[in-house]
Q: 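For reference, the structure I am asking about is given below.
Residue numbers start from 1 in every chain, and the chains themselves are labelled A, B, ... in the order their sequence lines are given, proteins ahead of strands.
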Amino acid sequence: MEYNFNAIEQKWRKFWADNKTYKVFEHPEKEKFYVLDMFPYPSGAGLHVGHPLGYIASDVYARYKRLKGFNVLHPMGYDSFGLPAEQYAIQTGQHPEKTTKENIARYREQLDKIGFSFDWDREVRTSSPEYYKWTQWIFNELFDSWYNTTTDQAEPIAALIALFEQEGNATVTAVHDHPEVFTAADWNTYSELKKEEVLQNYRLTYLADSWVNWCPALGTVLANDEVINSVSERGGHPVEQKLMRQWSMRIKAYAERLLTGLNELEWTDSIKDMQRNWIGKSKGASVFFSLSQKNASQPSIEVFTTRPDTIFGVSFLVLAPEHPLVDEITTPEFAEAVAEYKRVASLKSERDRQSDVKNITGQLTGAKVIHPFTGAEVDIWIADYVLATYGTGAVMAVPCGDQRDWDFATHFSIPITNIFQDKDISEAAYTEKDAVIANSDFLNGLEAKAAIEKAIEVIEQKGIGKGKTNYRLRDAVFSRQRYWGEPFPVYYQGGIPKTIAVEHLPVILPEVEKYLPTEDGQPPLGNATVWAWDTVSNTVVENSRIDNQTIFPLELNTMPGWAGSSWYFLRYTDPTNASEFASKAAVDYWKNVDLYIGGSEHATGHLLYARFWTKFLFDRGYIPFEEPFQKMINQGMILGRSSFVYRNSEGQYISKGKLAGNEIPIHVDISLVDNDQLDIEGFKNWRSDYANAEFILEDNGTYICGSEVEKMSKSKFNVQTPDELVEKFGADTLRCYEMFLGPIEQAKPWDTKGINGVSNFLRKLWRLFNIDENGIAQLDSGEPTKDNLKTLHKTIKKVTDDLERYSFNTCVSNFMICVNELTEQKCNNKYILDQVVIMLSPYAPHIAEELWQRSGNEAGTVTTALFPVFNEEYLVESSIEYPVSFNGKMRFKIALAATLSVKEVEQAVLTSSEAAKYLEGNTPKKVIVVPGKIVNIVL
RNA sequence: GCGGAUGUGGUGAAAUUGGUAGACACGCCAGACUUAGGAUCUGGUGCCGAGAGGUGUGCGGGUUCGAGUCCCUCCAUCCGCACCA
């Protein structure tokens, strides 16, 4: 009986669905294992063969862990809020919810064909109100928390308010943006509005004016990566820097823990380094430079430097054009020039400023500071090489020790003081830290390391600054001027943001007429007519009823894409809970993700934010762990293999072997090409302009195409969908082949040619079972042979070892070797084949179920079987074939009894007739015998 | 510029602790079979050479009895970051 994969796969898909084979529950007596794939965004294009690669690997591992006796949580869901659905809605007027549902249905259909062991009863969608109710709840929790740097954790805001009432803020140790000091008495006289303004500077999510990339044409804020050459990536509209009132997340509070937490994670070094780099820790000092003018609102300018040892080399100060003090300190004669410089700078995105390094610009402000040690007057410049968002937005320029400062000083002919002993700075700054400091009073004669310590000590003594650690990580802007996202659970009472209590959540996304911003520039939710909060009925009501007494306007922004994906792995543990984000029992049992598989493109986005929220929820006692994803594998991209035909100047199509070299390659649909050979008739029918194509063929009359490895894309006609391959070869073959292609983390080209080999392997396996015309496997239920057992146990060992180190590709090779050997041994022993089927079932679950059943086992029980256990006894050999090398070169092999000692082996090898040929009568200088492995003779 | 990763046959790759380089597949060559199939089976296939043999893991050095594996230098490709004071 033939292997009919279509019928078999359909049968088992139905069986698994009907029997809820993969449904899981908490079993406190069983050890848990949590395997998770990164949340897919359900795009309209559906899946190509690259997408399921990670899903297959995680599914293989999940199934393997189940067979090893673990209680495995392996869920799937959708990150279903997002821009593409909204853009589509703007274009077509269709509600994003509708297209999102359609896309999810298509994804599900495709996923179902591949035989995944997901517990679909745990599916979550970030756009469903049952889910985002809890995203809104987490937002509230962040709003109601502050970061205590003494206990080094987030704590309830109520405790902070109590402190303010008793002691003011002088003794409070917090991560905050509130430089002013107030007493308890001050606090108690503050109005409610003033109190809230103060609290905003402490809350972990807060409203603040922040600089953003604002695109007026699109009516929204854009992320840095959505802006290219100061125009929007989408549509090419101008983008400007704008100060906007936005919700932000005080992720800076977690900078140090996000950094140190990386050390215990089993992630790749490259991802950890990207996060370290993003967090950007640097140690140094903040120093205050007193302004010469005494009429400014602040007496001094604070700079951050990592080289306080070079303070005697300061020749000027530079502020970012956006620095809040600029307008105030600029002298009248420079006011116009400064205003113009600021205007030009505001038109550039931050990215442009950074890419435009060569072009040195700056503007003198006329203001001066006093050098704290020399007493000299130092000019203050503004320049866009100083970033408003890093440090204090101001630097002390030391041209002799910093290349940017050197370039700036040279460009504007500012004198450069050399404070390094015997270092030439005429051509460039000296940036190494090994120079001895000179011309620097109390720092003279010290090297950087000692000088930095000494400088900080003196600066602190003088009270003009202190040692400080700075992080590049910025607070994350959390508002989006978009429709298709989570609404904030926030209304405004006299300008004061108030959150809506959890018992009244979710605040459901309102209906709008159109998904564009309003005419007066409000976000799309400004179009909603029913978008006001009634604090009496605790419901959303018509805007017309807003009276600012009991009915108030709701927040018009929505949350960004990363909100829902920052905690979804928690929801899977208890996906339908209506009274909590997840029950304590569920999160305590399932804990964090043991194995997380997904692309590396989320290195500094999702993976950082999810870690932030996890640490926060841990601090507040909701979950018992601090890191969401313990082990992570980043699957490589599967690239397409494009095919080309070549057209010459006369319009003829030249086969690859006949090229003259001046032909133009043209992408041709890969479905028209088999093994590089073009289906000529198909090509002519493909497009009307090819109908009368003339060909110059190979001598054997075929047309051979060229090929190239490129990203899969529609425009290159090289997209391969999993659906077609499941249709042609079956899901089991596709699963095995995707794993067989190569190491999971490596990018590799997709080449359908190789799939035949895997398909043959499964057919060969099928034949081992001697299935008769009644569909029953004719197997020998007697004792297996020694060879059978040896093959089996060799395979058990290899497959177990390989799976434990996530080497999915070599497992498939080992299954092939196993089946080849059993075929050669003409093995049809039931015990052996049952064990093989169990081992194979994570890779090829449908055929495994079928063979298991046909061999006389109970249907469906292969998923609950136990993974075979390796027994070394079956591999013990009585004789070992030693490779014999001369000077490290293998010359011949000799079979010797395994019991021989090192001396005996040496003796046996040296006296063998084979060895005589290579010894040529000489006595070897040395003989190395590695027992059981190798013999090396040194001549 | 800085950081990370990767370089092995015609192709995808394997070699887990330094111990037979190229397992397993694809492709290719030769053959068998015939319900002519994307079927199955047999043999061959790193390169040079008729052969003996030589040579071979990006290049060049080094350590070692022995190096794809360890060390140094360089080259190439990919990814990330890039005025971060």
Q: Going by purine N1 to pyrimidine N3 plus the second Watson-Crick contact, or the G-U wobble pair, all under 3.5 Å, which nucleotide sits opposite B:C47?
A: B:G54
Q: Classify A:Phe740 by what it touches in the nucleic acid, base, sugar-phosphate, or nothing, heavy-atom distance under 4.0 Å.
A: base
Q: Under 4.0 Å, counting only non-hydrogen atoms across every strand here, what does A:Val930 touch: a base, just sugar-phosphate, or nothing?
A: base
Q: A:Glu745 and A:Thr268: side-chain donor and acceptor closer than 3.5 Å?
A: no
Q: Within the side chain of A:Arg472, is there an N or O that forms a donor-acceptor pair under 3.5 Å with the backbone of A:Asn277?
A: yes
Q: Using atom NZ of A:Lys711 as one end and atom P of B:C79 as the other, report the distance to the nearest whole Å.
A: 8 Å
Q: Taking CG from A:Asn760 and P from B:U42, how many angstroms apart are they, rounded to a whole number?
A: 12 Å
Q: Would you verify whether the NZ or CZ of A:Lys797 falls within 45 degrees of the ring axis of A:Phe870 while also being under 6.0 Å from that six-membered ring's centre?
A: yes
Q: Will you find, in the side chains of A:Gln720 and A:Arg641, an N or O donor that is under 3.5 Å from an N or O acceptor?
A: no
Q: If you look at every heavy atom in A:Ala320 and A:Ile382, which pair is closest and at what distance?
A: O-CG2, 4.3 Å
Q: Once you round it to whole Å, what is the distance between C1' of B:G37 and CG of A:Asn756?
A: 12 Å
Q: Whom does B:C33 pair with, Watson-Crick or G-U wobble, provided both distances fall under 3.5 Å?
A: none
Q: Regarding A:Thr810 and A:Asp802, is there a side-chain donor-to-acceptor distance under 3.5 Å anywhere?
A: yes
Q: For B:G12, which nucleotide is its Watson-Crick or G-U wobble mate, given both distances must be under 3.5 Å?
A: B:C24
Q: Would you indicate what A:Lys281 reaches in the nucleic acid, counting non-hydrogen atoms under 4.0 angstrom: base, sugar-phosphate, or nothing?
A: nothing
Q: Answer with base, sugar-phosphate or nothing: what part of the nucleic acid does A:Ile928 contact at a heavy-atom distance below 4.0 Å?
A: base
Q: A:Ser813 near the nucleic acid: base, sugar-phosphate alone, or nothing, with a heavy-atom cut-off under 4.0 Å?
A: base
Q: Under a 3.5 Å cut-off for both contacts, is B:A5 paired Watson-Crick or G-U wobble with anything, and if yes, with which nucleotide?
A: B:U77
Q: Would you mind pulling out the nucleotide paired to B:G18, Watson-Crick or G-U wobble, both distances under 3.5 Å?
A: none
Q: Identify, between A:Arg472 and A:Thr752, the residue whose nearest nucleotide on RNA chain B lies closer to the 5' end.
A: A:Thr752
Q: Which base, if any, makes a Watson-Crick or G-U wobble pair with B:G38, both distances under 3.5 Å?
A: none
Q: OP1 or OP2 of B:C24 versus the side-chain N and O atoms of A:Asn814: is any pair under 4.0 Å?
A: no
Q: Establish whether the base of B:U16 is bridged to the side chain of A:Lys798 by a donor-acceptor pair shorter than 3.5 Å.
A: yes
Q: Could you please name the option among B:C84, B:G27, B:A15 that lies closest to any side-chain atom of A:Leu387?
A: B:C84
Q: Contact class for A:Lys272 vs. all strands (heavy atom < 4.0 Å): base, sugar-phosphate, or nothing?
A: nothing
Q: So, does A:Ser282 get its side chain near the phosphate of B:A85, meaning an N or O under 4.0 Å from OP1 or OP2?
A: yes
Q: Is there, by distance only and without an angle test, a donor paired with an acceptor across the side chain of A:Asn936 and the base of B:C65 below 3.5 Å?
A: yes
Q: Which base, if any, makes a Watson-Crick or G-U wobble pair with B:U69, both distances under 3.5 Å?
A: none
Q: Taking the chi torsion of B:G68, is it syn (within 90° of 0) or anti (everything else)?
A: anti
Q: Is the phosphate of B:C26 approached by A:Arg641 (side-chain N or O, under 4.0 Å from OP1 or OP2)?
A: no
Q: Assign A:Arg767 to base, sugar-phosphate, or nothing according to its heavy-atom contacts below 4.0 angstrom with the strands shown.
A: sugar-phosphate
Q: Would you mind reporting whether A:Lys283 and A:Thr469 have side-chain heavy atoms less than 4.5 Å apart?
A: yes
Q: Under 4.0 Å, counting only non-hydrogen atoms across every strand here, what does A:Lys893 touch: a base, just sugar-phosphate, or nothing?
A: base
Q: Counting just side-chain N and O atoms, does A:Gln746 come under 4.0 Å of either OP1 or OP2 of B:A13?
A: yes
Q: Starting at atom NZ of A:Lys889, determine the distance to atom C1' of B:G54, rounded to an integer number of angstrom.
A: 9 Å
Q: Between A:Thr604 and A:Arg307, which residue's closest nucleotide on RNA chain B lies nearer the 5′ terminus?
A: A:Thr604
Q: Between A:Asn820 and B:A25, is there a contact of a side-chain N or O with OP1 or OP2 at under 4.0 Å?
A: yes
Q: Tell me: CG of A:Asp269 to C1' of B:C79, nearest whole Å?
A: 14 Å
